[in-house]
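Following: one structure in structure tokens, then a few remarks.
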Amino acid sequence: MSIFEKNLQALLKKNKFLAAKIFNAGQKNFEVIQQGTDNINLNIIDMKNNYPIYETSPLKEIEDIRKKFKKYERYPVLFLYGIGNGIFTKLLFANPSHEKIFVFEPNLEILYIALNIIDFSEEIEEGKLILEHSQDFSLAKALNYFKDPLVK
């Protein structure tokens, strides 16, 4: 079973609507390219606008973001806007303090790509990773999330 299939199966258990949207989104307007020799140094290029998600080296930018997030290392819950290639989000789960991460992504195709690159199936199934398409987010969902005992 592919990484994407594992992720989609996990997401189907948690959010069927989003799983269906991601499945139907596919990859049309973006291309994934490997930069350099490291096979996880993956950039996503918007082919319509010829614009990369990571301006320089994805791994360098992810490392820079990790350093900035050091001040949040004890937070049990994180809210992120954008998933990128998924590597940064996966790295955050290496810290056992992070019990839940909410990711709001405006582009379904980016979610599709990230779910093809990184195996989040365990985090999704365990309710540790909550994915939201920004377009579908509502006040009702926000209020529901704020009822979670981890969100203080």
Side-chain angles (χ1 to χ4, degrees), residues 2-23 25 27 30 32 34-36 38-46 51-152:
S2 73
I3 291 171
F4 181 70
E5 290 169 330
K6 287 173 64 176
N7 284 327
L8 207 59
Q9 280 188 354
L11 191 56
L12 277 167
K13 295 174 187 174
K14 298 293 183 176
N15 188 338
K16 290 179 184 177
F17 179 68
L18 180 59
K21 286 179 73 172
I22 292 170
F23 179 77
Q27 184 176 339
F30 292 86
V32 179
Q34 180 179 329
Q35 291 185 209
D38 195 331
N39 61 358
I40 64 166
N41 199 13
L42 301 172
N43 208 339
I44 301 170
I45 310 296
D46 177 341
Y51 186 80
I53 294 227
Y54 301 98
E55 293 179 13
T56 59
S57 163
L59 287 182
K60 181 185 178 327
E61 288 187 38
I62 288 168
E63 186 55 36
D64 291 345
I65 295 168
R66 279 184 76 188
K67 288 175 186 173
K68 289 178 185 174
F69 265 70
K70 195 91 167 135
K71 60 186 168 189
Y72 306 113
E73 67 185 4
R74 292 187 176 189
Y75 284 43
V77 178
L78 296 174
F79 292 87
L80 305 176
Y81 190 77
I83 196 164
N85 61 16
I87 293 170
F88 175 67
T89 304
K90 187 68 172 187
L91 289 172
L92 288 172
F93 282 112
N95 179 343
S97 294
H98 302 317
E99 297 178 49
K100 191 171 282 194
I101 299 175
F102 293 84
V103 177
F104 301 89
E105 174 57 57
N107 192 305
L108 287 172
E109 194 174 341
I110 299 294
L111 275 172
Y112 176 89
I113 291 168
L115 293 179
N116 270 281
I117 294 172
I118 304 295
D119 183 357
F120 289 114
S121 59
E122 187 176 311
E123 291 87 354
I124 293 169
E125 282 188 30
E126 293 175 2
K128 292 181 175 184
L129 177 61
I130 310 298
L131 298 173
E132 283 288 343
H133 183 211
S134 303
Q135 181 180 355
D136 299 327
F137 195 63
S138 65
L139 178 59
K141 282 187 177 182
L143 292 172
N144 191 43
Y145 289 156
F146 288 122
K147 289 179 184 175
D148 187 310
L150 289 173
V151 179
K152 298 176 183 172

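Bear in mind that the values here come from a model prediction, so they are computed numbers and not experimental data.
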Next on the checklist: Less than 4.5 Å apart, side chain to side chain, heavy atoms only: is that true for Leu111 and Lys21?
Outcome noted: no
Item to check | Whether Phe104 and Phe102 hold their rings parallel, tilted or perpendicular, with breakpoints at 30° and 60° | outcome: parallel
Next on the checklist: On a heavy-atom basis, which atom in Ala25 and which in Glu109 lie closest, and how many Å separate them?
Outcome noted: CB-N, 4.3 Å
Checklist entry - If you look at every heavy atom in His98 and Phe93, which pair is closest and at what distance? => result O-CD2, 4.2 Å
Checklist entry - Under 6.0 Å between ring centres, would you say that holds for Tyr145 and Phe79? => result no
Next on the checklist: Do Lys141 and Asp136 have side chains that approach each other closer than 4.5 Å (heavy atoms only, starting at C-beta)?
Outcome noted: yes
Checklist entry - Hey, what do you get for CD1 (Ile44) to CG (Asp46), rounding to the nearest 0.5 Å? => result 10.5 Å
Checklist entry - Asn116 side chain to Phe4 main-chain N or O, any donor-acceptor pair under 3.5 Å? => result no
Checklist entry - Below 4.5 Å, heavy atoms only, C-beta onward: do Ile53 and Ile110 meet side chain to side chain? => result yes
Checklist entry - Does Lys6 NZ have over 12 foreign heavy atoms under 6.0 Å away? => result no
Checklist entry - Around atom CZ of Phe69, are there more than 12 heavy atoms of other residues, nucleotides or ligands at under 6.0 Å? => result yes
Next on the checklist: Working to the nearest 0.5 angstrom, can you tell me the gap between His133 NE2 and Asn15 CG?
Outcome noted: 11.5 Å
Item to check | Donor on one side chain, acceptor on other, Glu61 and Thr56, under 3.5 Å | outcome: yes
Next on the checklist: I need the single residue from Lys90, Lys128, Lys100 that forms a side-chain hydrogen bond (donor to acceptor under 3.5 Å, both in side chains) with Glu123. Which is it?
Outcome noted: Lys90
Next on the checklist: When you compare the side chain of Gln27 with that of Ile113, does any pair of heavy atoms fall below 4.5 Å?
Outcome noted: yes
Item to check | Atom pair CZ (Phe17) and CD1 (Ile22), whose distance is rounded to the nearest 0.5 Å | outcome: 11.0 Å
Item to check | Heavy-atom neighbours of Phe137 CZ exceed 12 at 6.0 Å | outcome: yes
Checklist entry - Under the 3.5 angstrom rule, does the side chain of Asn41 hit a backbone N or O of Leu59 as a donor-acceptor pair? => result yes
Checklist entry - Of all heavy-atom pairs between Leu8 and Ala19, which one has the smallest distance, and what is that distance? => result CD1-O, 3.5 Å
Checklist entry - Hey, are the side chains of Ser97 and Tyr72 touching, using non-hydrogen atoms and a 4.5 Å cut-off? => result no
Next on the checklist: Closer than 4.0 angstrom, basic N to acidic O: yes or no for Lys60 and Asp64?
Outcome noted: yes
Checklist entry - Which atom names give the shortest non-hydrogen contact between Ala114 and Gly84, and what distance separates them? => result CB-O, 3.8 Å
Checklist outcome for this item: Closest heavy-atom pair, Ser121 versus Ala10, reported as atoms and distance to 0.1 Å, is O-CB, 3.5 Å
Checklist entry - Roughly how far, to the nearest 0.5 Å, is NZ of Lys14 from CD1 of Ile130? => result 7.0 Å
Checklist entry - Passes side chain to side chain contact (heavy atoms under 4.5 Å, CB included), Leu80 versus Ile101? Steps please. => result CA-CA 7 Å; Leu80 305 176; Ile101 299 175; 3.8 Å; yes
Checklist entry - Can you check whether Leu42 reaches Pro58 side chain to side chain, under 4.5 Å on heavy atoms? => result no
Item to check | Distance, nearest 0.5 Å, that separates CG of Leu129 from CD of Glu122 | outcome: 11.5 Å
Checklist outcome for this item: When rounded to the nearest 0.5 Å, the distance separating NZ of Lys67 from CD1 of Ile62 is 13.0 Å
Checklist entry - What heavy-atom pair brings Asn43 and Gln35 nearest, and what distance separates the two atoms? => result ND2-OE1, 2.7 Å
Item to check | Any Val103 side-chain heavy atom under 4.5 Å of Phe120 side chain | outcome: no
Next on the checklist: Using side-chain heavy atoms (C-beta onward) and a distance below 4.5 Å, is Leu11 in contact with Asn7?
Outcome noted: no
Next on the checklist: Go through it in stages, so that I can follow the logic: the residues are Ile3 and Ile118, the test is side chain to side chain contact (heavy atoms under 4.5 Å, CB included), and I'd like the CA-CA distance, side-chain angles, deciding distance and then a yes or no.
Outcome noted: CA-CA 7 Å; Ile3 291 171; Ile118 304 295; 5.7 Å; no
Next on the checklist: Applying side chain to side chain contact (heavy atoms under 4.5 Å, CB included) to Glu5 and Gln9, what does each step give before you reach the verdict?
Outcome noted: CA-CA 6 Å; Glu5 290 169 330; Gln9 280 188 354; 5.6 Å; no
